[in-house]
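Structure, as structure tokens:
Letters A, B, ... are given to chains in the order of the sequence lines, protein chains preceding strands, and every chain is numbered from 1.
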There are 2 protein chains.
Amino acid sequence: MNRKDAYTILAEYNIKPSPQRMAIMEYLLNSCTHPTIDEMYNCLIKSMPTLSKTTIYNTLKLFIENGAAQMLTINEKTSCYDADTSPHAHFICEKCNKVLDLYYDVEDIFPKSENMHGHLIKSMQVYYRGICKECKKDIN
Amino acid sequence: MNRKDAYTILAEYNIKPSPQRMAIMEYLLNSCTHPTIDEMYNCLIKSMPTLSKTTIYNTLKLFIENGAAQMLTINEKTSCYDADTSPHAHFICEKCNKVLDLYYDVEDIFPKSENMHGHLIKSMQVYYRGICKECKKDIN
DNA sequence: TTTTAAGATTGTAATCATTACAAATAAGAA
DNA sequence: TTCTTATTTGTAATGATTACAATCTTAAAA
């Protein structure tokens, strides 16, 4: 595996490591499901019984401020989180509700310059919605 | 003005008109600010004192189900709404929090086919974040 | 016209994600 | 060690959204 570990990533973004921060970053890196706070909490509490949900909120806020993660506001009810900060889009399946990464075509989507109609563009998010490959099978 | 009126739009989307529905669609059409439920309520209550916030929620849900409006989940706290269902992106200013429409370049962004990596794409949303033209002036 | 049934609107109460806050704990410097 | 600061934690508050039951409207049937 060529993925960097949690400790290295935290260091890269100038985030002082702590057991909680490491565990949360670790979880984000190992999950490809774009977890919600609750999902993280329910899993991590098993190996770290003193963990508080507030800590997860605080930690993710810190990660985002330092550029180590991004918040996805796909769902109007619950935010979910992604430690992959490289340019990519997200596909949300209306049947199974999974959130998948889409790297295809993304180069075309991102603005060539940081300026667009005179506005300064700092970041962008692209959400596709539909039926995923797997769920399409079930329908046929 | 070549914009269609609320009555015509409701008819087009098979939504039975009512004073409340007309007023809400009217408001959406006349505002270019992508209003939240609260903004709509606070304005409409003046001319329609019996209006309930629940009705606004119900009505927008109906509009969305029938394709007459879309919900923008730009903000993690509050959804906002847009009666413009033509393909366009949204720019959110981090300073003044305004949500602006961006039609530029959008053709490039939308998928050429309805298929992408085997997934069926039904809709897409594009959110840019940054500093808008006006707020940039204030900084300099 | 009156009756009736379905649809639309309303207000209140419940839900639930997120945040505020203050106390407890951990880490690091002196 | 002691002192100071950063981090974590639990509880309580906030606030958007939804559930639900009661009321009002509409329009068709009798």
Rounded interatomic separation in angstrom, taking [atom1] from [X] and [atom2] from [N]:
{"X": "M22(B)", "N": "dT9(C)", "atom1": "CE", "atom2": "P", "value": "12 Å"}
{"X": "D38(A)", "N": "dT19(C)", "atom1": "CG", "atom2": "P", "value": "14 Å"}
{"X": "K61(A)", "N": "dT18(C)", "atom1": "NZ", "atom2": "P", "value": "13 Å"}

Answer yes or no: is there a donor N or O on one side and an acceptor on the other, between the side chain of [X] and the main chain of [Y], under 3.5 Å?
{"X": "Q70(A)", "Y": "A83(A)", "result": "no"}
{"X": "H34(B)", "Y": "V99(B)", "result": "yes"}
{"X": "R21(A)", "Y": "K16(A)", "result": "yes"}

Specify the residue among N58(B) and I37(B) whose closest nucleotide of DNA chain D lies further upstream toward the 5′ end.
I37(B)
Could you check whether the rings of H88(A) and Y103(A) sit parallel, tilted or perpendicular, using 30° and 60° as the cut-offs?
parallel
I would like to know whether I37(A) and Y81(A) meet side-chain contact (heavy atoms from CB on, under 4.5 Å); could you show each step before the answer?
CA-CA 8 Å; I37(A) 297 279; Y81(A) 299 86; 3.7 Å; yes
Kindly state which residues belonging to residues 65-81 of chain B come within less than 4.0 angstrom of DNA chain C, counting heavy atoms of the residue only, listed by number.
K77(B)
Check each residue of residues 41-50 of chain B for a non-hydrogen atom within less than 4.0 Å of any atom in DNA chain C, then write out the ones that pass by number, or none.
T50(B)
[X] and [Y]: side-chain donor and acceptor closer than 3.5 Å?
{"X": "N75(A)", "Y": "T78(A)", "result": "no"}
{"X": "Q125(A)", "Y": "Q125(B)", "result": "no"}
{"X": "E39(A)", "Y": "Y41(A)", "result": "no"}

For dT19(C), does OP1 or OP2 lie under 4.0 Å from any side-chain N or O of Y57(A)?
no
Heavy atoms only: give me the nearest [X]-[Y] pair and the separation to one decimal.
{"X": "L44(A)", "Y": "A23(A)", "answer": "CD2-O, 3.9 Å"}
{"X": "C93(B)", "Y": "C135(B)", "answer": "SG-SG, 3.8 Å"}
{"X": "G67(A)", "Y": "T85(A)", "answer": "O-CG2, 3.5 Å"}
{"X": "I74(A)", "Y": "T73(B)", "answer": "O-OG1, 3.8 Å"}

Under the criterion side-chain contact (heavy atoms from CB on, under 4.5 Å), which of L60(B), I64(B), D82(B) is the partner of M71(B)?
I64(B)
Overall bend - the helix from dT1(C)-dA30(D) to dA30(C)-dT1(D), comparing terminal axes fitted on five pairs, nearest 10 degrees
10°
Of all pairs that satisfy side-chain hydrogen bond (donor to acceptor under 3.5 Å, both in side chains), the ones with a partner from residues 42-66 of chain B, not counting sequence neighbours
D38(B)-K53(B)
Flag the pair E94(A) and K122(B) as a salt bridge only when some basic side-chain nitrogen lies within less than 4.0 angstrom of an acidic carboxylate oxygen.
yes
Going 5' to 3' along DNA chain D, which are the first and last nucleotides with any atom under 4.0 Å from a heavy atom of chain A?
dA6(D) to dT18(D)
Filtered N/O pairs between nucleotides 5-8 of chain C and protein, under 3.5 Å:
from: dA8(C); atom 1: OP1; to: R21(B); atom 2: NH1; distance (Å): 3.2
from: dA8(C); atom 1: OP1; to: R21(B); atom 2: NH2; distance (Å): 3.4

